[in-house]
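Here the structure is laid out as structure tokens; the discussion comes afterwards.
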Amino acid sequence: MGSIPTYSRHKKRRSDVKKELMRRIPKIDEVLNHPAISKSGGEVPPGLFLKSAREITEEKRQRILRGDEVDEEDISIEAIAMQTVKRAKAYYAFSMREVINCTGVSLHTNLGRSPLSDEAGRQVIKAAFGYNTLEYDVERGERGSRHQHLEQLIKNITGAEAAIAVNNNAAATMLCLAALGRGRETIVSRGELVEIGGSFRIPEIMEESGCTLVEVGTTNKTRISDYRNKISDNTAILLKVHTSNYRITGFTEEASLEELVKLGKENGLPVVHDLGSGLMEDLSDYGISEPTVKASLRAGADVVLFSGDKLLGGPQAGIIIGKREYISRMKNHPLARAFRIDKLTISALEATFRAYYDRDRALRNIPILRMLTASEVELAEKAQGLADKLSSVSEKIKASVVITENQVGGGSAPGTFLKGAAVAVEIESISTPKLERLLRRLPLPVIGRISHDDLLLEVRTLLDGDVELIAEGIKSILNDKDQNDD
Ligand SMILES: *Cc1c(COP(=O)(O)O)cnc(C)c1O
């Protein structure tokens, strides 16, 4: 291959260079026949190599046309074949993968919120691989309702008159407002106009559901008289939103749920409580003082809404419980169909709720509750176990136990810090940010956190078997000579 003339400021020469480069881009067939592709194994469907080779050669062409710097090496068949393999493999790889959560944040929204219990996982697998009674009544041999699987169970567990489960709590809020308040007014405190994770904002949900938002009080103080003064013939709902992900402290006042219930009764208006987290068992003994579902019903809320995958510890879902007349209006609303849950979610929710028949069983079997109620001693032992394991991998590793503070996460219990334990890890000749990156980019990513220049692996959020998997990950980092992380 003769050398290609280098760029000159001369227009004509430059276009010659471009032409020559374009001409030298390998043909698709040549790329596909390159040994780099045939040797890369039979995993990746051939169509993906073809797609990738086309894209990559086209990108080279565009770069040349734009006048970007492109040299002979960039368009060599070796380079293009290698890039083709890399891209085809990346396309074929699973995007959603398992990770090991070493952040200590139990309800990590970015890491999938709550892991399911063993039983919930088993039920999901059964539902996934076979036929089932989703909408079939085996007694009568006729069509049944998908709501039947959960309603009695949720009523038994919560003591509510009626229940329905939908896709998530955002959908629950939307359905509730649309079914009970469309075309009319919903009164909410200015201190409770929450935003949850960017896309869920109470005022926006309200608008979408066709309700008119009537704000009362101020950010820091809302009294029951503020609600009373705004009630009109057009009022449909008194809404209370739990400020799940922030606290307003200092010079504050809010109307209690009890006061709102009394006001609602006096005026024949339903009180809807968006609880967010859906804590079923009181965890104040463990330092978590979130309101419980039962307390909300006990206070007299007509409708209570909460998530399935926050402190309940189940799959993504929105649970709506409360008075029969209101729930049946929601069941019959067209949005109920749009927001309905599938057989996999029903299976996981059923298994999750069943665990709550026995408090001890729930705390033991539901991973989120097990993590949040882990004792300091248990965490310290787990951390020591991890530190010993990592130290035994190589002399280059320094691992020591440190006492930390863990947040609950998932927009729950803001300002609550649970005493946790972590392992601070150092590896000779690898900087802390680099080590964090290498662990995060492992085939089985290990997600730690950096605190004051230390890489911490928190143990509260570890699941069975994770200690060994972390040790294997670290071993592979040590064995990878170049530790290439760009
Ligand atoms: C988390 C939360 C929601 C949204 O719930 P998703 O299940 O994530 O849709 C709504 N309201 C409150 C108060 C919340 O905390």
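Fair warning: this is a prediction, and the values are worked out from it, not measured in the lab. Counting starts at 1 for both ligands and their atoms, in listed order. Along the sequence shown, residues carry numbers from 1.
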Open item on the list: Can you tell me which residue among Thr103, Asn101, Asn406 is in a side chain to side chain donor-acceptor pair (under 3.5 Å) with Glu458?
Closed with: Asn406
TODO: Return each pair, listed once, that meets salt bridge (charged side-chain N to carboxylate O under 4.0 Å, His left out) where at least one residue sits in residues 125-141; pairs must be two or more places apart or across chains.
DONE: Glu135-Arg143, Glu135-Arg146, Glu135-Arg340, Asp137-Arg140, Arg140-Glu142
Open item on the list: Check whether Lys323 reaches the backbone of Pro270 with its side chain - one donor and one acceptor, N or O, closer than 3.5 Å.
Closed with: no
Open item on the list: Do Arg370 and Pro367 make a side-chain contact, defined as non-hydrogen atoms from C-beta onward lying under 4.5 Å apart?
Closed with: yes
Task: Protein residues having a heavy atom less than 4.0 Å from any atom of ligand 1 - done: Arg113, Asn168, Asn169, Ala170, Ile196, Phe200, Val241, His242, Ser244, Asp274, Gly276, Ser307, Lys310
- [ ] Check the side chains of Asp342 and Thr345 for a donor-acceptor pair under 3.5 angstrom, ignoring hydrogens and angles.
- [x] yes
Task: Exercise: do Asp282 and Ser284 side chains pair donor with acceptor under 3.5 Å - done: yes
